[in-house]
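Order of the sequence lines sets the chain letters (A, B, ...), proteins ahead of strands, with each chain counted from 1. Computed from a predicted structure; not experimentally measured. Side chains included, hydrogens not; waters and symmetry mates left out as well; all remaining heavy atoms used.
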There are 2 protein chains.
Amino acid sequence: MATPLEKAHKDPESMKARILAVACRIFGEYGFHGTTTRMIAQEVGIDISTLHYHWGEKKDLYEAVILDINKDLGQKLIDVEKIIHGLPLSERMAIAIDTMTDYFFARPEISNIMLFRYIAKTRDNVDLRVPEFTADIARSMGLTRNSPHHTPPRAMLEVLAVMNAIHNFISGENFFRPMVNLEREEYIKTVKETLKFVLIPAFVQREGET
Amino acid sequence: MATPLEKAHKDPESMKARILAVACRIFGEYGFHGTTTRMIAQEVGIDISTLHYHWGEKKDLYEAVILDINKDLGQKLIDVEKIIHGLPLSERMAIAIDTMTDYFFARPEISNIMLFRYIAKTRDNVDLRVPEFTADIARSMGLTRNSPHHTPPRAMLEVLAVMNAIHNFISGENFFRPMVNLEREEYIKTVKETLKFVLIPAFVQREGET
DNA sequence: TATTCTTTCCATCATTTGATGGAAGCAAAC
DNA sequence: GTTTGCTTCCATCAAATGATGGAAAGAATA
């Protein structure tokens, strides 16, 4: 049997896990400063003291959310890499965009928190593992052919351009969807089409030139 | 002579204008909730009461910032449109990307506040004129050829993809630049190259197909 | 100079918010 | 049944924060 701590971490019914899930959503919606511990506690249906009992102070809970996202997203990227491995570039990108878009639409808090972290000033120590993930994806996309153990700035930025394009449409849904007046399903479908249209040709074209 | 209000609005030395400029920067750095009126007042070097005297409550000041951005950005888009009018698509996009990237790097608060507005929940009435701007750009890019008086969702999302790609690299500079370990000038240069590389081919390719 | 109007600051409030101590509840072990 | 340890909640605190009233300072005008 696992230790109580591990159990609490794994059992989604445990109070600790329930708090973490709600915290992830609320932090994603309102950002760190826009979120109050009372908002989270109320959403879970508990007292603030119970929240502090399980997770300590607000910043600790936020860091736990970051770590949770790192774990989940890291695993997802590994899964996708396995699926697309060996396929031609245009297919790899199409599948990756479709899959990751579905994933983020299902867990929009992840896109929200990542974008918040990019643009807002904070003083955290624990951090998103974006540098590692970005380098991994660059390798997976074949952008590091000339320097397998180092990721050139240009390759990093290209990957970030792709990833962030996805995040924007997920996090911006509340703002963009009324603009284009589409139902959710239709919005998701159009977002995927647009992303694939805009992002894939550049890379395919360059690959053909070598 | 202009009214005192207009004067205060135009004279960048006036207290009201100074507060607005600082507010724009601080709101951009920390978001609405992450910003306190005391932070703004301290940065300007005045008492909070003076701030409230000129701009009323915090939300009013924030709305003034939004209106200011709308005005400035709207004018910039008109200027760019004049410059690129008539040129071939690939050149139009290259110049627009270069120009707008320089513009946002010079005023990163604009990118910050726009991205904040996309992802964070608020209950504002006054709003960014993103829908209008987006439709204008779509028209300028020739994406509404088949329906000149209506902007199809797909065209809107394509424009948003381009605009947001720029915003991401400006607002994310503090996060991304250490990742790629570049000096500021080099970062800006690489960002422009990357944006043009990723964003232009898709549109040029489609235009060639018609 | 005296008067009036504008601008700025000091002192202070009420509310919100992060955080804690201690009592009460509850289940498992003895 | 009693004890022990874990969990939850109530009451409360201290600090941060948005906001205001009124006095003081300054500028413009008669």
Side-chain angles (χ1 to χ4, degrees), chain A residues 1-24 26-27 29-66 120-124 126, chain B residues 1-24 26-27 29-66 120-124 126:
Chain A
M1 184 57 193
T3 70
L5 184 73
E6 287 170 3
K7 183 188 168 193
H9 233 50
K10 283 169 184 165
D11 178 9
E13 293 304 314
S14 74
M15 180 57 68
K16 198 168 179 177
R18 278 171 58 203
I19 296 172
L20 187 68
V22 171
C24 191
I26 309 283
F27 276 131
E29 285 180 2
Y30 297 92
F32 180 78
H33 292 292
T35 300
T36 69
T37 54
R38 280 171 174 80
M39 287 166 66
I40 299 172
Q42 188 177 4
E43 194 80 1
V44 180
I46 56 171
D47 189 272
I48 358 168
S49 329
T50 305
L51 187 149
H52 281 96
Y53 170 77
H54 284 287
W55 287 107
E57 59 181 50
K58 184 185 177 185
K59 194 160 274 184
D60 294 334
L61 176 55
Y62 185 72
E63 290 186 358
V65 167
I66 298 288
K121 282 200 174 177
T122 59
R123 318 92 190 166
D124 296 338
V126 173
Chain B
M1 184 57 193
T3 70
L5 186 71
E6 286 169 4
K7 184 187 167 196
H9 232 48
K10 282 168 186 167
D11 177 10
E13 293 305 313
S14 75
M15 181 56 70
K16 199 168 178 179
R18 278 172 57 204
I19 295 172
L20 187 68
V22 171
C24 191
I26 308 283
F27 276 131
E29 286 180 1
Y30 296 91
F32 180 79
H33 292 293
T35 300
T36 70
T37 54
R38 279 172 175 79
M39 286 166 66
I40 299 172
Q42 188 176 5
E43 195 79 1
V44 180
I46 56 171
D47 190 90
I48 357 168
S49 329
T50 306
L51 187 148
H52 281 96
Y53 170 77
H54 284 287
W55 288 108
E57 58 182 50
K58 184 184 177 185
K59 193 161 274 183
D60 294 334
L61 176 56
Y62 185 74
E63 290 187 357
V65 167
I66 298 287
K121 282 200 171 175
T122 58
R123 317 91 190 166
D124 296 337
V126 173

Atom pair distance, as rounded to whole Å: CZ in A:F27 and C1' in C:dG18: 12 Å
A:E57 CD - D:dA14 P separation (whole Å): 19 Å
Sugar-phosphate only, base, or nothing, as touched by A:T36 at under 4.0 Å among non-hydrogen atoms: sugar-phosphate
Heavy-atom donor-acceptor pair, B:S49 side-chain to D:dT20 base, under 3.5 Å: yes
Value in whole Å for how far the P atom of C:dG25 lies from CG of A:D47: 15 Å
Phosphate OP1/OP2 of C:dT6: any B:H54 side-chain N/O under 4.0 Å: no
Side-chain heavy atoms of B:L51 within contact of B:V44, under 4.5 Å: no
Contact under 4.0 Å: B:T37 side-chain N or O vs D:dT17 OP1/OP2: no
Separation of atom CG in B:L61 from atom C1' in D:dA19, rounded to whole Å: 14 Å
Whole-Å gap separating P (D:dG21) and OH (B:Y53): 14 Å
Which atom of A:I19 lies closest to which atom of A:H54, heavy atoms considered: CD1-CD2, 4.0 Å
Separation of atom CZ in A:R38 from atom P in C:dT15, rounded to whole Å: 14 Å
Touch class at under 4.0 angstrom, heavy-atom based, for A:I48 against every strand present: base
Atom pair distance, as rounded to whole Å: CE in A:M39 and P in C:dG18: 10 Å
Member of B:V65, B:T50, B:L20, B:T37 meeting the side chain to side chain contact (heavy atoms under 4.5 Å, CB included) criterion with B:W55: B:L20
Side chain to side chain donor-acceptor pair (under 3.5 Å) partners of B:E43, counting only residues at least two apart: B:R25
Distance, rounded to the nearest Å, where A:Q42 contributes CD and C:dT17 contributes P: 11 Å
